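Computed from a prediction, not measured in an experiment: that's the story for all the values here. Proteins come first, then strands; the chains are lettered A, B, ... in the order of their sequence lines, and each starts at number 1.
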Number of protein chains: 4
Amino acid sequence: MLTNRQTIRIEWGDCDPAGIVYFPRYFEFFDACTRALFERAGLFKRDMLKTYGIAGIPVVDMKARFMIPSRFGDDVVVESTVSKWGKSSFVVRHQLMKGDGMAMAIECFETRVWVAHPNGDAEKFETRAIPEEVKNKFGGH
Amino acid sequence: MLTNRQTIRIEWGDCDPAGIVYFPRYFEFFDACTRALFERAGLFKRDMLKTYGIAGIPVVDMKARFMIPSRFGDDVVVESTVSKWGKSSFVVRHQLMKGDGMAMAIECFETRVWVAHPNGDAEKFETRAIPEEVKNKFGGH
Amino acid sequence: MLTNRQTIRIEWGDCDPAGIVYFPRYFEFFDACTRALFERAGLFKRDMLKTYGIAGIPVVDMKARFMIPSRFGDDVVVESTVSKWGKSSFVVRHQLMKGDGMAMAIECFETRVWVAHPNGDAEKFETRAIPEEVKNKFGGH
Amino acid sequence: MLTNRQTIRIEWGDCDPAGIVYFPRYFEFFDACTRALFERAGLFKRDMLKTYGIAGIPVVDMKARFMIPSRFGDDVVVESTVSKWGKSSFVVRHQLMKGDGMAMAIECFETRVWVAHPNGDAEKFETRAIPEEVKNKFGGH
């Protein structure tokens, strides 16, 4: 399965008064990592939305365990892969690792759905089947 | 059990190009709702950190289901309560509701720990037992 | 001139490792205050975009002076007013005040433009004349 | 004068319902660019705070002109340099450029001050003279 590996520098503005990452920032990182994983599969988000006529791939379920905190100035590595494909949904697993031993600091599973605007109504969303050619770009399933 | 009810206006800047809330923003809302729940229990965060000599109450586990999206201009309601007390950890349940029927749009469980800096070392964190008087302020357990 | 007065609680997540507000957060506050000022004038953003066929009121110029820092747990007050109307642009002045004496902590001038998508092309923006009826809702100019 | 050049990918979550960058995000980018400029000068923020006994380099004045919007998926380049050194303050100029012709999309001047906690009181800040050796690392002034 295709895996993307991304290095992220923790910025001053990502951290809270305790000096560690304010946890919602991690979900911004993971969202960018999912984008990068798709790009590695040849799917540039802006083009993908047009090509497949979808409105986005919103998150419908999120599970995360935070084991080791990170501080500003840290460089962390996030490995991301699609761990499961459904008909119109998929799960991305992110593992944030850090330090010399690349200890796992965070594990996150985000479930996303493939959605379009029904009848072009920009205020509504409905799920669609994920094209097989999209799944195939990630190396089989 | 003590419950806090908070109304939140969804701002333009909370939303993404699909016009709906960018999901990490919800975790910022929930963090503020936990703060507000503690305040309702008489625990103002800045004072609480000093009184109990702790560094914070960081999140160690997060589970969330996103059922209905919200758009800029929406007013949503979040109900928050401590659903479980452990020795040095606790779980806060947030339910984000919206619309005339107050449909549940998001359900979130965040597990937090009571941590201090061991020997005053600002770069380390270790869990401490949550004082009974803190738990009691939330109405028994 | 119409003025909006908004109280804002500084949240833990708004603050940086120095314990004070991370300055980009102030611009999020001010953006919400401009939204609230328009609402006080009877212009609810979601409806306004549709009624006048515009894509938004993006910021084209920003000037801010930060005089007194704020910390998590502080309650600050922001007073916002349109200080100048142009043909297709306008300036909003925000004054963030705090403490018993309501000392001015930040003064900010944001210039915004009234823009639409030319020929419905969602990727382009062009300025439009601001309708007189919009300006009139703010109490003359 | 030392200049830092940074490429930034505009993420989905940086953009608003109009599909363009929500302007406070630019100030987060610029803050990270100032950090990167200091690092290029050999000043890693975490170490710098300790070495010089300072609490941070907060922004006290900000001026920005936004000329061309950016959209998710865009790669932009930010060039940053210290344009002026004062006794205890300095100005960083950021130029955000984009497209084949590297057109200037945003120009920003941020004034920062060198501050410490007087007598170790973490709730107070006072300016200090910037050491000459710090200024010298940026290539004379």
Side-chain angles (χ1 to χ4, degrees), chain A residues 14-35 45-46 49-50 54-74 89 92 94 105-117 121-127, chain B residues 14-35 45-46 49-50 54-74 89 92 94 105-117 121-127:
Chain A
D14 294 325
C15 297
D16 66 16
I20 58 174
V21 176
Y22 178 57
F23 77 94
R25 303 290 163 250
Y26 285 121
F27 297 110
E28 299 184 31
F29 299 166
F30 295 148
D31 187 58
C33 288
T34 295
R35 185 272 301 157
K45 190 162 187 172
R46 207 154 70 187
L49 299 187
K50 282 186 189 163
I54 56 171
I57 47 171
V59 171
V60 292
D61 193 278
M62 176 61 82
K63 286 183 183 60
R65 278 189 311 140
F66 302 88
M67 290 160 279
I68 308 173
S70 291
R71 301 167 54 233
F72 74 93
D74 283 353
S89 70
V92 184
H94 301 285
I106 304 178
E107 187 175 41
C108 174
F109 292 89
E110 55 178 43
T111 305
R112 291 173 178 263
V113 286
W114 193 262
V115 302
H117 294 308
D121 179 346
E123 299 187 9
K124 293 210 172 65
F125 297 92
E126 74 185 14
T127 58
Chain B
D14 294 325
C15 297
D16 67 17
I20 58 175
V21 176
Y22 178 57
F23 77 93
R25 303 289 162 250
Y26 285 122
F27 297 110
E28 299 184 29
F29 299 165
F30 295 147
D31 187 59
C33 288
T34 294
R35 184 272 303 158
K45 190 163 185 172
R46 206 154 72 188
L49 299 188
K50 281 186 191 164
I54 56 171
I57 47 171
V59 171
V60 292
D61 193 278
M62 175 62 79
K63 285 183 184 59
R65 278 188 312 141
F66 302 88
M67 290 160 280
I68 308 172
S70 291
R71 300 166 57 232
F72 74 92
D74 284 352
S89 69
V92 184
H94 302 286
I106 304 177
E107 187 175 40
C108 174
F109 292 89
E110 55 176 46
T111 305
R112 292 174 177 263
V113 287
W114 193 263
V115 302
H117 293 309
D121 180 346
E123 299 186 9
K124 294 210 173 65
F125 296 92
E126 74 184 15
T127 58

Which answer fits [X], side chain, backbone, both or neither, if we ask what part of it has an atom under 4.5 Å from a heavy atom of chain B?
| X | value |
| --- | --- |
| A:I106 | neither |
| A:E110 | side chain |
| A:A55 | backbone |
| A:Y26 | neither |

> Can you tell me how far CD1 of B:I57 sits from CZ of B:R35, rounded to the nearest 0.5 angstrom?
Replying inline: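 Going from CZ on B:R35 over to CD1 on B:I57, the span is 11.0 Å.
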>> Rounded at 0.5 Å granularity, tell me how far CG in A:D14 sits from OH in A:Y22.
In response: 12.5 Å
>> Quick one, A:F27 with A:V59, criterion side chain to side chain contact (heavy atoms under 4.5 Å, CB included). Give me CA distance, side-chain angles, the key distance, then yes/no.
In response: CA-CA 11 Å; A:F27 297 110; A:V59 171; over 6 Å; no
> With a 4.5 Å heavy-atom cut-off, do A:V115 and A:P58 have their side chains touching?
Replying inline: yes
> Taking side chain as C-beta onward, heavy atoms only, is B:F125 less than 4.5 Å from B:V113?
Replying inline: no
>> Can you list everything that forms a ring-ring contact (aromatic ring centres under 6.0 Å, His included) with A:F30? Sequence neighbours excluded, please.
In response: A:H94
>> Please output the residues of residues 66-74 of chain A in contact with chain B, using a heavy-atom cutoff of under 4.5 Å, in numerical order.
In response: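 Heavy-atom contacts from residues 66-74 of chain A to chain B are A:F66, A:P69, A:R71.
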>> Heavy-atom cut-off 4.5 Å, strictly under: side chain, backbone, both or neither for B:F109 against chain A?
In response: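 Neither part, no heavy atoms under 4.5 Å.
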> Between B:I20 and B:C15, is a side chain to side chain contact (heavy atoms under 4.5 Å, CB included) present by the stated rule, with each step listed?
Replying inline: CA-CA 5 Å; B:I20 58 175; B:C15 297; 5.8 Å; no
> Less than 4.0 Å between a side-chain N and a carboxylate O, is that true for A:D31 and A:R112?
Replying inline: yes
>> Counting heavy-atom pairs closer than 4.5 Å to chain B, which one of A:E28, A:K63, A:R65, A:R25 comes out on top?
In response: A:E28
> Do A:H117 side-chain atoms and A:K124 backbone N/O form a donor-acceptor pair below 3.5 Å?
Replying inline: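 Yes; judged by distance alone, with no hydrogens or angles, the pair exists.
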